[in-house]
> 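Please read through the structure below; I'll follow up with questions.
Just so we're clear, the structure is a prediction, and the values are computed from it rather than from any experiment. Each chain gets a letter, A, B and so on, in the order the sequences are listed, and its residues count up from 1.
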Amino acid sequence: MTENNRPVRVRMAPSPTGSFHLGSARTALYNWLWTRHTGGKFLLRIEDTDQSRYAPGALQDITDSMHWLGLDWDEGPDVGGDYGPYVQSERLALYHQWVNWLIEHGHAYRCYCSEERLNALRVEQQARKADAIGYDRHCRFLTAEQRAELEASGSPSVVRFAMPLEGETAYTDILRPTRSVENRKILDPVILKSDGYPTYHLANVVDDHFMEITHVLRGDEWLNSVPLHVNLYRAFGWEPPIYAHLPLILDPGGEGKLSKRKKRADGQEILTYVEEYRDAGYLPDAMFNFLSILGWAQSADNDLFSRAEAVAAFDIHDINASPAALPISKLDWMNGQYIRALDTPVLTELLIPFLSRDLGIAEDALRAHPALPFIAPLVQERIKTLADAASLVDFVFADKIDYDPTMLIAKGLDAAGSLAALEAADGVMRSLPFTEEALEPALRALATDLGLKPGQLFGILRVALTGKNVAPPLFGSMMALGNEETLARIEDAKTHLCKLVEGSPSDRGEPTP
RNA sequence: GGCGGAUUCGUCUAGAGGCCCAGGAUAUCGCCCUCUCAAGGCGGAGACACGGGUUCGAAUCCCGUAUCCGCUACCA
């Protein structure tokens with residue numbers, strides 16, 4: 001399993017520049033899965049080498065999102081480990097040491113070219129459609145005197161890697177065929193910036209080496225950098241890790257990188273950050289399962305599986321190298337599956353923050369509310385996300401409900417007929433214990449006695465109690481409302497119907513749907 | 001422009017030369033169940049990007065073409 005015969009050590013290396021992207025989450029997940037499958041170690045390393053893009057709070061958001069998804073790490077800035085520090089800005093001395101080593105051994109050099117020169121160079125290259133666009137290696141061939149002069153004048157400088165000028169570099173990604181590139185096409189990239197911070201290329205190679213990383217599973221956008229990284233390893237005399245570049249997650253239309261500022265075909269917003277999915281009411285287990293199947297299959301004929309099953313079956317060699325459009329409808333379905341599998345008390349607990357947020361009721365008040373225990377069973381098989389619940393049960397928590405009274409007129413009946421049915425139902429209900437077991441058969445029998453279909457009678461009651469034509473099951477709704485409120489709402493409905501009857505004395509008036 | 005990657009039902013995928021006139025899932029459509037809505041059950045329609053090879057035989061191998069995506073920064 002471990003092609004290089006070392007215990008598996010992999011890492012997730014986010015840069016704290018923003019919230020945790022869904023694509024990053026999947027990368028983290030596959031890394032995690034690989035270590036849990038192999039019994040290896042999963043490390044979290046923070047790549048904060050770009051001071052200009054540093055976002056305070058991003059790190060917290062990233063770790064929160066990973067925790068939420070259930071991805072725990074064995075070594076990292078918060079949990080420690082033998083290979084620290086795990087934050088790159090705290091490892092600057094190490095990078096300087098190895099950059100100096102490269103310079104001393106002729107694998108790197110200081111470059112004093114100005115931004116203006118570099119820009120002009122790029123513009124010129126683009127204009128003549130040059131084969132390779134990049135640095136012209138100008139400073140690589142400075143004489144010792146020129147160099148000394150530049151240093152003496154205090155010119156700012158960066159350090160560039162001196163690529164071999166001839167030959168090719170073959171590189172392997174376990175998900176793709178081995179390829180090779182001409183070394184001269186890699187134009188001496190910057191490895192140490194003028195502010196003293198390393199670029200990704202250097203920091204990444206140095207850290208992966210000293211942290212004894214065996215497998216690098218990272219985003220596809222790094223694939224073109226592999227030959228550079230391989231050359232860095234060679235210059236140092238180190239062994240490169242095994243690479244697997246993970247395909248991008250595309251937007252639901254499959255038109256490009258998943259990103260903000262895009263809308264779905266149905267006008268819905270496309271969620272791109274893990275925290276957004278959390279706030280939209282998706283469950284961590286469902287997200288975990290969902291992210292897993294974006295580029296990997298646990299089995300040929302089943303999409304629903306637990307973490308343990310994923311861990312048991314996972315193999316990086318089975319990852320699909322083609323990019324995937326985000327299948328939102330499948331996520332919705334899957335989340336519904338996970339919600340339905342929950343124990344009712346657990347669902348209730350999960351629902352509280354969402355109901356509180358969406359209904360504007362304090363969590364404490366919600367917990368103390370007599371209707372609370374009835375809510376989860378009412379919505380469990382009707383919601384795809386936790387956030388769907390509020391609009392289904394808002395009538396339970398409303399002080400009063402508003403609806404068009406004509407909705408109380410049942411199909412096939414007029415106002416008077418509906419009123420008679422409702423009054424009969426009211427009478428039956430008052431004579432019985434307020435339980436589903438007692439009420440449902442009795443009202444069914446009543447419908448038959450009145451020559452109505454259950455749906456006609458129940459429909460009147462549904463509108464009376466909820467103000468809606470579409471609502472959760474009737475008798476469960478009654479229990480949530482409680483005896484008193486149920487009868488009060490029926491009372492109100494009777495009043496509405498009375499007015500309708502008086503208002504339209506034409507006895508055979510067609511009911512408005 | 002250069003370089004790199006990818007290409008199986010709308011979408012997520014299974015598939016590593018005969019098991020595939022391509023399997024699963026989701027979405028969609030229909031039927032059943034049913035107090036509405038769901039959930040559930042059953043069924044339908046739906047794909048190997050295109051063109052050449054190689055082979056007795058190709059979704060699977062090779063070569064082109066097309067399309068999409070990525071990289072081409074003192075960002076990661």
> Between B:C12 atom P and A:Leu291 atom CG, what is the distance in whole Å?
15 Å
> Please report the distance separating the C1' of B:C62 from the corresponding atom of B:U54, rounded so that it comes out in whole Å.
7 Å
> Round to the nearest Å and state the distance from A:Leu175 atom CG to B:A16 atom P.
17 Å
> Less than 4.0 angstrom from a charged side-chain N to a carboxylate O is my criterion; do A:Lys468 and A:Asp394 meet it?
yes
> Can the ring centroids of A:Tyr243 and A:His215 be said to lie less than 6.0 angstrom from one another?
no
> Check the distance between B:G10's C1' and A:Ile328's CD1 and give it to me in whole angstrom.
15 Å
> Let me know the distance between CG of A:Asn320 and C1' of B:G5, rounded to the nearest Å.
13 Å
> Expressed in whole Å, how much space separates the P atoms belonging to B:U65 and B:G1?
14 Å
> In Watson-Crick or G-U wobble terms, both distances under 3.5 Å, what is the partner of B:A39?
none
> Are the aromatic rings of A:Tyr30 and A:Phe314 close, with centres under 6.0 Å apart?
yes
> Once you round it to whole Å, what is the distance between P of B:U11 and CD1 of A:Ile249?
16 Å
> On a whole-Å scale, what distance lies between the C1' atoms belonging to B:C31 and B:C68?
40 Å
> Does anything in residues 178-187 of chain A reach RNA chain B, meaning a heavy atom under 4.0 Å, and if so which residues?
A:Arg179, A:Lys185
> Considering only the P atoms, how many Å lie between B:A73 and B:G17, rounded to the nearest integer?
41 Å
> Does the side-chain hydrogen bond (donor to acceptor under 3.5 Å, both in side chains) test come out yes or no for A:Tyr197 and A:Gln88, once each step is laid out?
CA-CA 9 Å; A:Tyr197 279 72; A:Gln88 289 186 328; over 6 Å; no
> Using the closest heavy atom to pick a nucleotide of RNA chain B for each, name whichever of A:Asp303 or A:Gly295 lands nearer the 5' end.
A:Gly295
> Run the ring-centre check on A:Phe475 versus A:Phe458 and record whether the distance is less than 6.0 Å.
yes
> With both distances kept under 3.5 Å, what pairs with B:A66, Watson-Crick or G-U wobble?
B:U7
> Can you measure A:Leu223 atom CG to B:G5 atom P for me and round it to whole angstrom units?
7 Å
> Pick the C1' atom in B:C61 and in B:A45, then give their distance to the nearest Å.
33 Å
> What interatomic distance, in whole Å, is found between P of B:A39 and the corresponding atom of B:C29?
13 Å
> Pick the P atom in B:C12 and in B:G44, then give their distance to the nearest Å.
24 Å
> Please determine whether a side-chain nitrogen of the Lys or Arg among A:Arg176 and A:Asp220 lies less than 4.0 Å from a carboxylate oxygen of the Asp or Glu.
yes
> Determine, for A:Tyr109 and A:Arg160, whether the Lys NZ or Arg CZ falls below 6.0 Å from the six-membered ring centre while staying within 45 degrees of the axis.
no
> A:Leu294 has an atom CG; how far is it from atom P of B:U13, in whole Å?
6 Å
> Which value, in whole Å, describes the distance between the P atoms of nucleotides B:U60 and B:A6?
15 Å
> Calculate the interatomic distance between A:Gln126 atom CD and B:C3 atom P; express it in whole Å.
16 Å
> Salt bridge or not for A:Arg147 and A:Glu151, using N-O below 4.0 Å?
no
> If a protein heavy atom is under 4.0 Å from the base, mark B; if only from the sugar-phosphate, S; if neither, -; do that for nucleotides 34-41 of chain B going 5' to 3'.
-BBBBSS-
> Is a salt bridge present between A:Asp208 and A:Arg45, judged by a nitrogen-to-oxygen distance below 4.0 Å?
yes
> Spell out protein contact along nucleotides 63-76 of chain B as letters: B when the base is contacted, S when just the sugar-phosphate is, - when no protein heavy atom is under 4.0 Å; keep the 5' to 3' order.
------SBBSSBBB
> If you measure from the Lys or Arg side-chain nitrogens to the Asp or Glu carboxylate oxygens, is any gap between A:Arg117 and A:Asp136 under 4.0 Å?
yes
> Report the C-alpha distance between A:Thr385 and A:Asp388 in whole Å, list the side-chain angles of each, state the deciding distance to 0.1 Å, and finish with yes or no for side-chain hydrogen bond (donor to acceptor under 3.5 Å, both in side chains).
CA-CA 5 Å; A:Thr385 69; A:Asp388 292 339; 3.2 Å; yes
> Assign A:Asp173 to base, sugar-phosphate, or nothing according to its heavy-atom contacts below 4.0 angstrom with the strands shown.
nothing
> Quick one: label A:Gly219 by what it contacts on the DNA or RNA (base, sugar-phosphate, nothing), any heavy atom closer than 4.0 Å.
nothing
> Does B:G2 pair with anything, Watson-Crick or G-U wobble, both distances under 3.5 Å, and if so, with which nucleotide?
B:C71
> Would you please classify the geometry between the A:Tyr273 ring and the A:His21 ring as parallel, tilted or perpendicular, with 30° and 60° separating the classes?
perpendicular
> Kindly confirm or rule out a cation-pi arrangement of A:Arg307 over A:Phe288, judged by NZ or CZ under 6.0 Å from the six-membered ring centre and within 45° of its axis?
yes
